[in-house]
Protein chains: 2
Amino acid sequence: MHPEPVATRRVQRATITDVARLAGVSISTVSRVLNETAPVADETIERVRHAVDILNFTPHAAARMLAVRKTDTIGLLLPEIGSSFFVPTLRGIEAAVREAGLDLLIFTGTPGGQRRREWRQPLGEHNTDGLLVFSDLLEARELTLLFQHGFPVVLLHRSAPVGTQIPSVRFDNRSGVRKLLEHLIREHGRRRIAFVRGPEGNEDSFARESAYREVLEAHEIPLDPALLMENGFTEQGGEAAVQRLLANNVACDAIFTGDDEAAAGALLALRRAGKRVPEEIAVVGFDDVPLSRHLNPPLTTVRAPIETASYLAARQLVRLIRNDTADAVTLLPVELVVRQSCGCP
Amino acid sequence: MHPEPVATRRVQRATITDVARLAGVSISTVSRVLNETAPVADETIERVRHAVDILNFTPHAAARMLAVRKTDTIGLLLPEIGSSFFVPTLRGIEAAVREAGLDLLIFTGTPGGQRRREWRQPLGEHNTDGLLVFSDLLEARELTLLFQHGFPVVLLHRSAPVGTQIPSVRFDNRSGVRKLLEHLIREHGRRRIAFVRGPEGNEDSFARESAYREVLEAHEIPLDPALLMENGFTEQGGEAAVQRLLANNVACDAIFTGDDEAAAGALLALRRAGKRVPEEIAVVGFDDVPLSRHLNPPLTTVRAPIETASYLAARQLVRLIRNDTADAVTLLPVELVVRQSCGCP
DNA sequence: ACAGTCGCTGAAAGCGCTTTCAGTATACCG
DNA sequence: CGGTATACTGAAAGCGCTTTCAGCGACTGT
């Protein structure tokens, strides 16, 4: 497993000065042919290009950033990257970032949850041209501070702190939950619907829960606190929640998990307990991650345009960086996708 | 969807000079208290810290990089981030990167596959302290060039180009395939085993295919070219491959897909065609992504330590950056995980 | 009492680029 | 033919940091 270790010695990198010397011009000229910022004689261009090739010259990004005072980089702040929710999320962001010709710096939260608050901010205002924040890692007051400094920030799946106008893009959670639960109630006559919520402080989870309460109320179904469970938007969380539900023997004919991963866990627990889904208990989720159609039975859920959301968020950020303007809020419509776990054939 | 657009005006950032002025010291002193590189009087430290707080000062990363001549950033080169394989991969890398106190710059390949080859290399030798390369995006000759320059690079799921000693970390694919197929052959008596391979040029896929051939040979099963299909390590690819297989009516009693996502697709196609899995056709995959245990039936596969691999790769890179040494090759053991899709109860 | 140390600090040189600014040579206009 | 724009180029001044270098005072040891 550990054969010959390998060693390395660094080689001095070429700088713009080397190129200039080799081409017999000044560094200003080299800079000009590289950036095409001023007319340069064809013959000179040729010489410079040639020198660049010979020396395999690549400009030192930091020097460039320092001189032009921008980084052409955007930062992405993520919670711990756990679920498959991140695959489309990252794709969307990456697409937008590449389209804009920027680079992407990623920073994720520590599992422990405690943030590193040091003087050297990894994604601070100085290291990137803007920040895409997905997670509750950054506290409201830090966001506010950033906003007040006019530093470009956009929020993904989280709304702006009061007092700020930070652009955000989110799903229309309420409408999704409404469609989902009404389907369960009207089409399948379920009324004892458990809700397995996401982590404390997660806005999506909060919105979904309050929509859940609204729908129950609208149908005059009393809310049974025993049907409300925690999880954390993870498979294990969903599994544990359902285990608890079953252990406590609380009657229920449907489970709505705040997200699909939890639904997967719920399904696992239900099967292990010998419950038939959907006959005895229906299960529905939210998000429609790629996993969902493969579940057994295939999961009825709400399709959230995950990739689109992150793509648009990144685009907003780019707009904010380049034009100093963006849409305050982008609310993305979601769509009910009926598969079999709700009881439909 | 697009309410009031929001506008922003930038605010001038504080520099070390501002801090120095406010604290009534020289910038050298400020730098020293920030970096703790030389003794500074307690009272002075206090004044500087205070000034830093007041001004909300964060050092300009580019300036720092330029001065110290390192970026404290590592670059990650990914293929298009498509499958859930990336979730553990990113986690592992992120963990290692954070442990080492570095930042992570991500660059993924263009979907079209053509690389941007411009003078301004996004992840070039100048923008990061080292590169973690997962994908065949970078050609062998570019890797070689980097290696010759002594630029730290480590390869993930890809072996070093001939002539270089670039460290790499990979799975022990052959052994995994052997265990998997021998199980299929010995325990379940399957002999017409189709193989759905990954994308051209993917080393994992190549290794798995050649191991497949070896195992067949060892069991004196003739290789039927009709049983060899392309896909691309995607769900859709696996689905399409199996559709083709069925359409051509080629007899087969098992399908081995080069990865689990493709297995998920295969399962879908099989079910749609009314084939019973595993009774009529067994299906096995490779990787054991989180999805696999949820498939219907749960997928027998080979567990590859995806997160560990990327974690170790990142650690090797850090070692290479800091100590100029690393292990030439790290081969990670894999493990058969038997579920129901092979025919086991 | 004096050289040698040590704690602490500021001036200044650089890191590798971009970008004015100034300048020369050539073209073009009336 | 004088004047003015135009193509092209180099010197030099930064961008915001780190890091020598040198210096000053206060201690130490002999």
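Order of the sequence lines fixes the chain letters, A, B, ..., with proteins taken first and strands second; residue numbering starts at 1 for each chain.
What separates CE of Met65(A) from C1' of dG16(D) is a distance of 14 Å, to the nearest Å. Distance, Arg13(A) CZ to dC15(C) P: 16 Å, rounded to whole Å. With rounding to whole Å, Lys70(A) atom NZ is found 14 Å from dT19(C) atom C1'. For the pair Asn127(B) CG and dG16(C) C1', the interatomic distance rounds to 13 Å; values are reported in whole Å. dC17(D) atom P lies 12 Å from atom CZ of Arg69(A), rounded to whole Å. As a whole-Å value, the separation of Asn35(A) CG from dT20(C) P is 13 Å. Atom pair His60(A):NE2 and dC17(D):C1' shows a separation of 12 Å (rounding to whole Å applied). Between the CD1 atom of Ile16(A) and the C1' atom of dT18(C) there is a distance of 8 Å, given to the nearest Å.
Phosphate proximity of dT18(D) to Arg64(B): present, with a side-chain N or O under 4.0 Å from OP1 or OP2.
Residues passing the salt bridge (Lys or Arg N to Asp or Glu O under 4.0 Å) test with Glu307(B) are Arg91(B), sequence neighbours excluded. Qualifying side-chain contact (heavy atoms from CB on, under 4.5 Å) partners for Arg69(A), counting only residues two or more places apart in sequence or in other chains: none. Scored by the side-chain contact (heavy atoms from CB on, under 4.5 Å) test, Ile27(B) finds Ile16(B), Thr17(B), Ala20(B) as partners (sequence neighbours excluded). Partners of Pro161(B) according to the side-chain contact (heavy atoms from CB on, under 4.5 Å) rule, which considers only residues two or more places apart in sequence or in another chain, are Ala140(B), Leu143(B), Thr144(B), Leu155(B), Thr164(B), Ile166(B). Among residues two or more places apart in sequence or in another chain, the salt bridge (Lys or Arg N to Asp or Glu O under 4.0 Å) test is passed with Arg315(A) by Glu99(A). Contacts of Arg32(A) classified as salt bridge (Lys or Arg N to Asp or Glu O under 4.0 Å), with partners at least two apart in sequence or in another chain: none. Applying the side-chain contact (heavy atoms from CB on, under 4.5 Å) test to Ala309(B) and every residue at least two apart in sequence or in another chain returns Leu156(B), His157(B), Val169(B), Phe171(B), Leu332(B).
Computed from C1' positions of five pairs at each end, the angle between the two local axes of the helix from dA1(C)-dT30(D) to dG30(C)-dC1(D) equals 30°, rounded to 10 degrees.
Applying the salt bridge (Lys or Arg N to Asp or Glu O under 4.0 Å) rule to pairs touching residues 21-31 of chain B yields Asp18(B)-Arg21(B), sequence neighbours excluded.
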All N/O contacts under 3.5 Å from nucleotides 8-11 of chain C to the protein, with atom names and distances to one decimal?
{"unit_1": "dT9(C)", "atom_1": "OP1", "unit_2": "Thr44(B)", "atom_2": "OG1", "d": "2.5"}
{"unit_1": "dT9(C)", "atom_1": "OP2", "unit_2": "Ala41(B)", "atom_2": "N", "d": "2.9"}
{"unit_1": "dG10(C)", "atom_1": "OP2", "unit_2": "Ser26(B)", "atom_2": "N", "d": "2.9"}
{"unit_1": "dG10(C)", "atom_1": "OP2", "unit_2": "Ser26(B)", "atom_2": "OG", "d": "3.0"}
{"unit_1": "dG10(C)", "atom_1": "OP2", "unit_2": "Thr29(B)", "atom_2": "OG1", "d": "2.7"}
{"unit_1": "dG10(C)", "atom_1": "N7", "unit_2": "Arg32(B)", "atom_2": "NH2", "d": "2.7"}
{"unit_1": "dG10(C)", "atom_1": "O6", "unit_2": "Arg32(B)", "atom_2": "NH1", "d": "3.3"}
{"unit_1": "dG10(C)", "atom_1": "O6", "unit_2": "Arg32(B)", "atom_2": "NH2", "d": "3.3"}
{"unit_1": "dA11(C)", "atom_1": "N7", "unit_2": "Ser28(B)", "atom_2": "OG", "d": "3.4"}
{"unit_1": "dA11(C)", "atom_1": "N6", "unit_2": "Ser28(B)", "atom_2": "OG", "d": "3.0"}

Under 3.5 Å, which protein N or O atoms sit close to an N or O of nucleotides 4-6 of chain D? Give each pair with its distance.
none

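Scanning both residues, Ala100(A) and Arg322(A), for their nearest heavy atoms gives O-NH2, 2.9 Å.
Residues Asp72(B) and Asp129(B) meet the side-chain proximity criterion, which asks for heavy atoms closer than 4.5 Å.
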Using atom types as modelled, flag every donor-acceptor pair under 3.5 Å from a side chain in residues 47-55 of chain A to any protein atom, sequence neighbours excluded.
{"unit_1": "Arg47(A)", "atom_1": "NE", "unit_2": "Ala23(A)", "atom_2": "O", "d": "2.8"}
{"unit_1": "Arg47(A)", "atom_1": "NH1", "unit_2": "Glu43(A)", "atom_2": "OE1", "d": "2.9"}
{"unit_1": "Arg47(A)", "atom_1": "NH1", "unit_2": "Glu43(A)", "atom_2": "OE2", "d": "3.3"}
{"unit_1": "Arg47(A)", "atom_1": "NH2", "unit_2": "Ala23(A)", "atom_2": "O", "d": "3.2"}

